[in-house]
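Just so you know, ligand 1 is whichever comes first in the structure, and atom 1 is the first atom listed for that ligand.
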Amino acid sequence: MKQYDYVIVGSGIAGLYTALLAKTQGSVLIITKGSIDDCNTKYAQGGIAAAIGKNDSPETHFKDTVAAGDGLCDIEAVRILVNEAPARITDLVNFGVPFDTLNGEIALTLEAAHSIPRILHAGGDATGEHIEVTLSEQVRSSKIQVLEDCLATEILVEKGVVKGVKALDCRTGSIEEFGCRSLILATGGAGQLYKFSTNSDIATGDGIALAFNAGAEIVDMEFFQFHPTALRLPGVTPFLISEAVRGEGGVLRNVDGYRFMPDYTPEADLAPRDIVAHSLLYEMKKTGSDRVFIDVTHLPPYVITTRFPHIYRFCLDHGLDITKGLIPVAPAAHYMMGGIKTNSWGETNIAGLFAAGETACTGVHGANRLASNSLLEAIVFTKRIVEGTTKGTEPPSTGQGEEVRHSLSQRRVPEIVPPPSRSALQQLHWDKVGIIRNKESLTEAADILATWQKSLPQPTDRPSYELNNLVITGRLVTEAALLRKESRGAHFRSDFPHSSPQWQRHIVLVK
Ligand code: SIN
């Protein structure tokens, strides 16, 4: 078995940034199931938040983050996030990320639930792509070994300590083992659980399933964020229409052209994501339409084409000139707030196993993530992972709320079970575990998912491993959503529509 100091699974911002820092500390291997650039990072449009503006402060960023998290943020983790943000932005600039500037200074924009413009962007709305390209070029030109088309299938643990990872060579079908001192899971989220998602095809919950099977604690899985505005055009996969579009003055209109958001909340188009997503659903139901519209036609065309070149071009390629016409949108699954439970050094409950980026739950997002905090979380906490592996760490953080621990429950086999497939699973989650859920819908989904889990054959190739991982991740989302008998942040139960102080605690799921 080949031995490394660090094996990193995944090649988005968290994986690449960890690799670039870890390479000065020891040998590094990145394994990634597609090509190095297949990741969610490159789809991030809005940008990356940091309190670097003249009138901003980490304290204001802290308050906004905690307010969005709806009582479940880990306060210590949020302090770290906001305090270390400016230094990590400097690191990205030094790596060569070309953030947009205005009058010689980094340009900042506004997004929902931020009390001040603090979002850095690059190439207008191509921030994630610029970060990914910059970091992957750095990795390619360094001595870091990257194995593409290589899917991690099992974490090797001996006496509670990570020894390495098994991986499938997706081209040959052979399984190989890689030994390591530190294994960092940076596999991204699980947006592929849902029929409508802003995520790329790779977001299949791989890290969650790997870690759960190895005995890691998984937390806060019921909190899945739905972005209110993904492009809704027939035959076109949902494409993110950044919140920054509304930050720059875009407004939502219903199918009759009426500007409805002020009727729902005083913050109107810039209310937190869950409120905007729910308002859209009500408005769509009220008007009998499967979409609403973003109107930017009142903005000068050059603002649209220079600030949102990517969105402008994508829509134009699909026959829509957004400087003249309304953009049809509807909510879509976007971000998994929960994940593999880590402390503020990225450590999990298994020695030598770390998690970073969307697959991790550091506690910074609580029940609802503040826009543009995800890229930031990835770089702040991966830096700490590498620091911790070289210097040793302090005791783990205790977190803001209490915890309840559960294992996955036994479920009954329903009379009708559709055959398992990715599309059946996506439809099931969209219908039963979506933006609005309740006991009945969640129970139905939980029963079907448990039955699928038992009946799926031993996986042999990338699609079959991914389906297995989605089923396990879906079970964790669904069971946690059933357990949480309240509504909070991104989790809305129509049978428990209010939040309850007794639920100001985290749900931890273990094998
Ligand atoms: C967006 O551009 O609206 C997405 C940014 C994010 O999810 O943080």
Side-chain angles (χ1 to χ4, degrees), residues 12-14 39-50 61 64-65 68-69 81-82 85 89 99-100 107-114 117-132 188-191 194 196-200 203 223-232 238-252 269-277 280 294 296 304 307-312 314-315 322 327 329-337 339 357-358 364-380 489-490:
I13 184 173
C39 62
N40 253 343
T41 298
K42 70 175 184 213
Y43 294 95
Q45 294 177 356
I48 181 163
H61 190 183
D64 291 344
T65 302
L81 180 86
V82 299
I89 294 296
F99 288 114
D100 296 336
L108 299 170
T109 194
L110 184 65
E111 281 184 348
H114 286 272
R118 70 161 68 91
I119 317 300
L120 295 83
H121 43 92
D125 54 359
T127 315
E129 195 173 325
H130 278 286
I131 292 178
E132 180 68 20
Y194 290 93
F196 297 104
S197 164
T198 62
N199 291 190
S200 82
F223 299 112
F224 215 106
Q225 186 173 71
F226 291 82
H227 198 287
T229 60
L231 186 67
R232 181 63 74 89
F239 172 84
L240 185 65
I241 305 295
S242 175
E243 208 159 71
V245 172
R246 283 172 283 131
E248 295 281 346
V251 293
L252 285 156
D269 302 276
L270 287 178
R273 268 181 200 171
D274 56 319
I275 296 176
V276 181
L280 256 66
I294 300 183
V296 289
I304 298 169
R307 194 47 198 89
F308 305 109
H310 204 54
I311 294 173
Y312 172 72
F314 187 90
C315 291
I322 65 171
I327 315 169
V329 291
H334 184 58
Y335 189 87
M336 180 177 76
M337 262 76 68
E358 191 171 345
V364 295
H365 307 310
N368 201 10
R369 177 177 63 89
L370 186 66
S372 290
N373 266 352
S374 50
L375 298 177
L376 178 63
E377 180 198 30
I379 54 171
V380 166

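Contact detail for Ile13 and Thr41: the closest heavy-atom pair is N-OG1, 2.9 Å. For the residue pair Pro228 and Val276, the shortest heavy atom distance occurs at CB-CG1, 3.6 Å.
The atoms of ligand 1 that sit less than 4.0 Å from any heavy atom of Ala371 are 8 (O). Near Glu243, the atoms of ligand 1 lying under 4.0 angstrom from a non-hydrogen atom of the residue are 1 (C), 2 (O), 3 (O). Set against the non-hydrogen atoms of Leu240, the atoms of ligand 1 under 4.0 Å away are 1 (C), 2 (O), 4 (C). Annotation for ligand 1: atoms under 4.0 Å from non-hydrogen atoms of His334 are 4 (C), 6 (C), 7 (O). In the vicinity of Gly46, heavy-atom distances shorter than 4.0 Å reach the ligand 1 atoms 1 (C), 2 (O).
Arg232 forms a cation-pi arrangement with Phe196, by the criterion of a distance under 6.0 Å to the ring centre and an angle within 45° of the ring axis.
If you look at Arg246 next to ligand 1, there are no close heavy atoms at all, none under 4.0 Å.
When Arg273, His121, Gln225 are checked for heavy-atom proximity to atom 6 (C) of ligand 1, Arg273 turns out nearest.
Ranking the protein heavy atoms by distance from atom 8 (O) of ligand 1 puts Ser372 N, 2.6 Å first. Summary of contacts: the protein heavy atom closest to atom 2 (O) of ligand 1 is Ser242 OG, 2.7 Å.
Interatomic distance, CD of Gln225 versus NE2 of His334, reported as 6.0 Å (0.5 Å rounding).
Of the charged side-chain nitrogens involved, none lies within less than 4.0 Å of a carboxylate oxygen, so that Arg307 and Asp100 do not count as a salt-bridged pair.
Ring geometry, His61 versus His114: the interplanar angle falls from 30° to 60°, so the pair is classed tilted. Phe239 and Phe314 have parallel rings, their planes meeting at less than 30° on a 0 to 90° scale where 60° marks the start of perpendicular.
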